[in-house]
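The structure appears right after this line, and notes come after that.
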Amino acid sequence: MTETFAALHRRSLADPAEFWADAARAISWQTPFATVLDESDAPFYRWFTGGILNTAHNCLDRHVAAGQGGVTALIYDSPVTATIQRWSYQDLLARVAKIAGMLRDLGITKGDRVLIYMPMIPETLMAMLAVARLGAIHSVVFGGFAANELKVRIDDATPKVILAGSCGIEGSRIVRYKPLLDSAIAMARHQPDHVVLWQRDQAKGSLMPGRDHEWAALEAAATPADCVPVAATDPLYILYTSGTTGVPKGVVRDTGGHLVALAWSMRHIYDIGPGDTMFTASDLGWVVGHSYICYAPLLVGATTVLYEGKPVGTPDAGAFWRVIEQHKVKALFTAPTAFRAIRKEDPNATLLGAYDLSSFRTLFLAGERCDPDTLAWAEQTLGVPVIDHWWQTETGWPICANPVGHGRLPVKPGSPTVPMAGWDVQVLNDALLPAPAGEIGSLVVKLPLPPGALPTLWQNPDGFRRSYLSDFPGYYKTADAGMIDDDGYVFVMSRTDDIINVAGHRLSTGGMEEVLASHPAVAECAVIGVGDAIKGQVPLGFVVLKAGVTTPPDQVVAELVQLVRDRIGPVAAFKTATVVQRLPKTRSGKILRGTMQKIADSQTWTMPATIDDATTLEEIGSALQHLGYAGGTAGSTTPPSPSSPDRG
Ligand code: COA
Ligand code: AMP
């Protein structure tokens, strides 16, 4: 009889070493590991110590060696450039080996960092694999970030080489990457030895003599490079993600644990293997893109779709259905916001009728809480299971999901179902005690984390302890609040820190406040995330001006909106701010952001007993109404939810 998923999960927690040693058979090791779970430096756990392998070998070479070279590995589907290209495993391997040769010629060796600032084109995925081939460490920076964010990442990762695209295409807008990169390097303390530019016809970039090179010419002159074996515990990549300040956290991904976890997830969660096509509509700059556009589909010998377009407007809300039909997609993975955008444009899904979706089996959603309404619409429209699953940049693969490949469990709307193998998810209250079933508290994971999850932060082990391990000793803090019901289903309600999710993109309101506070007219400020019908949440700023400022408030607001766009990037989607006389605070000076958010979202809220001056909240309520936000009901006895903390 097939093992139930609950039994599998218990087994994974009872004897992690045996469980993951078995899962590790899916990977090709040059030297087998000596220890499965190395606890010698706990709470810094390491997986598969002694093992030697290479990620690119596992994703490309071994499939070609096994006679699968002719299978399609990558489909580049770009409605914004009217291009569709297919790459077989052997063609992709040939390109990746040449690009690795180009990087080797520029001096890249094992452990060096290569920063990748590129749009959704095949060369970006190839660059990631080429860096992995050399045993070097990549750090991909999402194209929607501004020069300042890029600069911060350059200084932290200290790359020898930066690979860049000349431009990205956002719908019909061309985003020139090279000027942003030049200004980031000009601001950075660290200077790369080389910049290699992939020129796109839509907008070419200029080259700085001595430092910059034309990618195509360098690649043409290079000879292919072989895979460089690395330790299972060596880093494959660093991916920066929003922390609770403007300084991003460099999440480290190791080599061995990452591949083992991805292989397990493809079989047990996504049900994708050789012969299947996976379409992950995200961006290579996010963790979802790293894991499920690039590495996992190739690791298991499947076909991956790299889509340069949007769910709507390229050209219409039928874009995803067209891709599914044309490439015979079995699983689509995107964020709920994409479905809200499609639904807004085509509420009755009339465009769907034009396409044959017979290959399509499952829709996976993640990146933000999936509201039951969107889930129901997607289920009814598509007629396939819609699977909400919960994960973070830090975890690299889902913490909770529905194990579709193992045997699908009933879906409960609002829940990403149950913890996956190795994830011992618990809910703790403020006294650090387990919360009873159904009660909301902090979602934590008992250590050790399973393979694939972050072993540390890049050159910042203290930051790793501080951010994730110190608040709940013995546990990893997810910084999400939620509950577990009587059936063991997990419900993720929202963050316990200042992170907001805007269109599935993770952003720090604290980081935005730092930008607002740097404006000369601003005395103090607060940024909160407010509900948005399409993007889930959007940031909203409140600013108090310094005494004597004569600039009209509208002008200050316009400058602030531009400042956030310039410093953080368009992806922050910071479009609205308002000038107020005072910010509501507790007597100890904490700004009541959580209460402000509840008022904006028309939720029931309680007047905090410790408020300094109750009239400040009334003023905020009127300002919100002025901006079109309804305002909640005061005076309720409902305790504030942990999802919207009042922060200092
Ligand atoms: N390079 C440059 N700019 C970018 C960018 C990139 N890679 N990605 C986004 N931006 C820009 C957008 O053009 C937009 O600019 P604007 O303010 O000038 O309009 C801004 O950043 C905000 O982007 P976004 O919040 O994504 O809004 P949007 O209107 O462009 O698209 C959706 C909205 C819902 C269609 C889009 O966010 C989406 O498809 N999301 C779901 C998939 C996803 O990305 N999930 C992530 C994790 S799974
Ligand atoms: P990121 O690191 O960008 O992947 O963002 C991770 C955060 O997104 C999590 O900590 C959650 O707050 C949120 N998130 C991701 N997936 C889900 C989900 N399925 N349900 C609820 N929240 C989610």
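All values derive from a computational prediction rather than experimental measurement. Keep in mind that the numbers below use all heavy atoms, side chains included, and drop hydrogens, waters and symmetry copies. Indexing begins at 1, ligand by ligand and atom by atom, following the structure's order.
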Does [X], backbone or side chain, put an N or O under 3.5 Å from an N or O of ligand 1?
X    : value
E170 : yes
T337 : no
W286 : no

task: Give me the one residue out of L375, L382, T381, V386 that meets side-chain contact (heavy atoms from CB on, under 4.5 Å) with F339.
output: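 It is L382, the one option of L375, L382, T381, V386 that forms the side-chain contact (heavy atoms from CB on, under 4.5 Å) with F339.
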Does the ring center of [X] lie less than 6.0 Å from the ring center of [Y]?
X    : Y    : answer
H258 : Y295 : yes
F145 : Y117 : no
F5   : H268 : no
Y292 : Y270 : yes
H505 : W286 : yes

For ligand 1, does [X] get within less than 4.0 Å through its side chain, its backbone, both, or neither, judged by non-hydrogen atoms?
X    : value
F142 : side chain
P570 : both
M120 : neither
H505 : side chain
P119 : neither

Which of the numbered atoms in ligand 2 are under 4.0 angstrom from any heavy atom belonging to [X]?
X    : value
D388 : 18 (C), 19 (N)
R369 : 20 (N), 21 (C), 22 (N), 23 (C)
V492 : 21 (C), 22 (N)
H389 : 16 (N), 18 (C), 19 (N)

message: Can you check which of D480, V490, T395 brings a heavy atom nearest to atom 12 (O) of ligand 2?
response: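 Shortest heavy-atom distance from atom 12 (O) of ligand 2: D480.
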- request: Could you pull out, from A341, A503, S282, the option with a heavy atom nearest to atom 47 (C) of ligand 1?
  value: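 Nearest option to atom 47 (C) of ligand 1, by heavy atoms: S282.
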task: Determine if the distance from atom 12 (C) of ligand 1 to the closest protein heavy atom is below 4.0 Å.
output: yes
- prompt: Would you say atom 36 (C) of ligand 1 touches the protein, meaning some protein heavy atom is under 4.0 Å from it?
  reply: no
Nearest protein heavy atom to [atom], by residue and atom, and its distance?
atom                    : result
atom 33 (C) of ligand 1 : K535 CE, 4.5 Å
atom 30 (O) of ligand 1 : K310 NZ, 3.0 Å
atom 6 (C) of ligand 2  : W391 O, 3.5 Å
atom 15 (O) of ligand 1 : R173 NH2, 3.2 Å
atom 2 (O) of ligand 2  : T393 OG1, 2.5 Å
atom 16 (N) of ligand 2 : G367 N, 3.1 Å
atom 17 (C) of ligand 2 : E368 O, 3.5 Å
atom 43 (C) of ligand 1 : A281 O, 4.0 Å
atom 8 (O) of ligand 2  : N501 ND2, 3.2 Å
atom 3 (O) of ligand 2  : R506 CB, 3.2 Å
atom 19 (O) of ligand 1 : K575 NZ, 4.1 Å

Using modelled atom types only, decide if a donor and an acceptor are shared between the side chain of [X] and the backbone of [Y] within a distance under 3.5 Å.
X    : Y    : value
T509 : D498 : yes
D271 : V404 : no
R253 : G452 : yes
R369 : V492 : yes

D497/K477 under salt bridge (charged side-chain N to carboxylate O under 4.0 Å, His left out): CA gap, chis, key distance, verdict: CA-CA 11 Å; D497 55 12; K477 178 175 85 170; over 6 Å; no
Mind checking whether [X] has a heavy atom under 4.0 Å from ligand 1?
X    : result
R565 : yes
G367 : no
V312 : no

message: Looking only at side-chain N and O atoms, does Y307 offer a donor or acceptor that is under 3.5 Å from a partner on T334?
response: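 There is no such pair between these side chains.
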Determine whether [X] and [Y] make a side-chain contact, defined as any pair of heavy atoms from C-beta on separated by less than 4.5 Å.
X    : Y    : answer
T124 : M120 : no
I534 : T337 : yes
Y240 : V141 : no
W391 : S291 : yes
I342 : W377 : yes
L540 : M596 : no

Are [X] and [Y] within salt-bridge range, i.e. N to O under 4.0 Å?
X    : Y    : result
R340 : D371 : yes
D276 : R361 : no
K310 : E345 : no

task: Check step by step if salt bridge (charged side-chain N to carboxylate O under 4.0 Å, His left out) holds for D316 and R322.
output: CA-CA 10 Å; D316 57 30; R322 196 264 307 154; over 6 Å; no
Counting each atom of ligand 1 from 1 as listed, which ones have a heavy atom of [X] under 4.0 Å away?
X    : result
P311 : 35 (C), 39 (O)
V571 : 21 (O)
G504 : 46 (C), 47 (C)
T334 : 42 (C)
A335 : 41 (C), 45 (N)

Consider every N or O of [X] and every N or O of ligand 2, then say whether any pair is closer than 3.5 Å.
X    : answer
E394 : no
T478 : no
G504 : no

message: Tell me the contacting part of R495 for ligand 2: side chain, backbone, both, or neither, using a 4.0 Å heavy-atom threshold, strictly below.
response: side chain
